[in-house]
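Written below as structure tokens is the structure these notes are about.
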Amino acid sequence: MKLPKSFYLREDTLLIAKELIGKFVFTKIDGNLTGGMIVETEAYIGPFDAGSHAFNNRKTPKNATMFEAGGVAYLYICYGIHDMLNVVTGEAGSSHAILIRAFEPMVGIETMQQRRGNVPLKRLAKGPGSLAKALGLNKSFDKERLTGDLIWIEDQGLIITPENIKATGRVGLSCAEPYFSIPWRFCLSGNAFVSKG
DNA sequence: TATGGGATTACCT
DNA sequence: GGTAATCCCATAC
């Protein structure tokens, strides 16, 4: 079943980030259904997190989407090249978000390979930039609802036990401690599609 | 109006 | 394992 808006509106973003492991993310763009099982996420707790765009409640036109109520997508361009898919969580104004870093391809693999340039299956959606590209997403999908028919996340009843979720420091940040090594990255232990570690 | 940096990836050795 | 590619936008002048 498609996750309802209430799933995203909760304030416990770290819990949601863990719960997203083993869920299924899909997009349907130009009639092409693509997606797979989420195996890696990172939490960004806006106001209290120097690694977040919204640290100290810093609000700009660029990150305004993070201040929306939960249940929308926040797409951000990094290094001018890579689009990244985030899930906004919490009530309006919380500025919490979760970066989807990797999924295991399941549906529409041919379409995703065309978008990615026929890279091997193992690299299809490994890493946030690759993932967004495989799903056909870019900044024009910023602020798109996750409860509509364009981008959504499903619970397919898969149970992931806590022992199978590994928490580590986040990747790619250049911010100061303790934010650099705080374990707010979650991945499915031993899964071959996790981007790192 | 000018400038610097960024939640990365891919390719070369 | 190291490094170049690449471009939007927030900040400063």
Side-chain angles (χ1 to χ4, degrees), chain A residues 8 13-14 16-18 20-21 25 34 36 38-68 70 72-90 94-105 112-144 146 151 153 165-188 192-197:
Chain A
Y8 306 101
T13 300
L14 293 176
I16 298 173
K18 276 181 272 193
L20 284 177
I21 303 290
V25 60
T34 52
I38 298 170
V39 297
E40 184 179 352
T41 62
E42 273 180 16
Y44 287 85
I45 313 296
F48 317 109
D49 178 3
S52 168
H53 298 159
F55 178 51
N56 225 2
N57 284 312
R58 196 172 69 104
K59 187 173 182 178
T60 66
K62 181 177 167 183
N63 70 11
T65 305
M66 293 183 76
F67 291 82
E68 298 273 317
V72 298
Y74 170 44
L75 275 107
Y76 160 70
I77 299 178
C78 184
Y79 293 85
I81 317 170
H82 308 293
D83 297 281
M84 302 190 203
L85 172 62
N86 295 257
V87 172
V88 177
T89 61
S94 298
S95 69
H96 293 191
I98 298 167
L99 174 66
I100 311 293
R101 290 189 56 88
F103 69 78
E104 179 171 340
M112 293 193 284
Q113 279 180 329
Q114 283 167 14
R115 288 171 181 153
R116 294 271 294 120
N118 288 317
V119 300
L121 181 67
K122 276 194 297 190
R123 284 194 205 160
L124 202 52
K126 183 183 251 194
S130 306
L131 179 146
K133 194 172 179 187
L135 289 174
L137 296 173
N138 56 54
K139 198 171 187 315
S140 68
F141 293 88
D142 188 35
K143 229 173 182 178
E144 185 65 38
L146 296 171
I151 313 172
I153 299 175
I165 294 179
K166 194 160 69 176
T168 73
R170 291 174 295 177
V171 178
L173 297 183
S174 54
C175 60
E177 296 287 10
Y179 306 104
F180 180 70
S181 55
I182 194 169
W184 283 354
R185 169 174 176 261
F186 304 100
C187 55
L188 191 56
F193 296 89
V194 170
S195 70
K196 207 174 168 188

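On a predicted model such as this, the values are computed, not experimentally measured, just so you know. Heavy atoms only: backbone and side chains are in, while hydrogens, waters and symmetry mates are out. Every chain is numbered from 1, with letters handed out A, B, ... down the list of sequences.
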- Task: Check every strand shown and say whether A:Arg123 touches a base, only sugar-phosphate, or nothing at a heavy-atom separation below 4.0 Å.
- Result: nothing
- Message: Please tell me if A:Arg170 has a side-chain N or O lying less than 4.0 Å from either OP1 or OP2 of B:dT8.
- Response: no
- Item | Contact nearer the 5' end of DNA chain C, comparing A:Lys139 with A:Tyr79 | A:Tyr79
- Task: Scan A:Arg101 against the nucleic acid and name what it touches under 4.0 Å (heavy atoms): base, sugar-phosphate only, or nothing.
- Result: sugar-phosphate
- Mind checking A:Tyr76 for me? I need base, sugar-phosphate or nothing, with any heavy atom below 4.0 Å counting as a touch. sugar-phosphate
- Message: Give me the atom names and distance for the closest heavy-atom approach of A:Pro47 to A:His96.
- Response: CD-CD2, 4.0 Å
- What is the nucleic acid contact for A:Ser130, judged by heavy atoms within less than 4.0 Å: base, sugar-phosphate only, or nothing? sugar-phosphate
- Query: Reading DNA chain B 5' to 3', how would its secondary structure be written in dot-bracket notation, given Watson-Crick and G-U pairs with both distances under 3.5 Å, brackets [ ] for crossing pairs and | for partners on other strands?
  - Reply: ||||||.|||||.
- Query: Given C:dC9, B:dA7, B:dT9, which nucleotide is nearest the side-chain atoms of A:Lys62?
  - Reply: C:dC9
- A:Phe193 six-ring face occupied by A:Lys126 cation (under 6.0 Å, within 45°): no
- Message: Should the side chain of A:His53 and the base of B:dA7 be counted as holding a donor-acceptor pair, with the cut-off at 3.5 Å?
- Response: yes
- Message: Donor-acceptor pair, distance only, cut-off 3.5 Å: does the side chain of A:Asp83 make one with the backbone of A:Ile77?
- Response: no
- Please name the pair of heavy atoms, one in A:Ile98 and one in A:Thr89, separated by the smallest distance, quoted to 0.1 Å. CD1-CG2, 3.8 Å
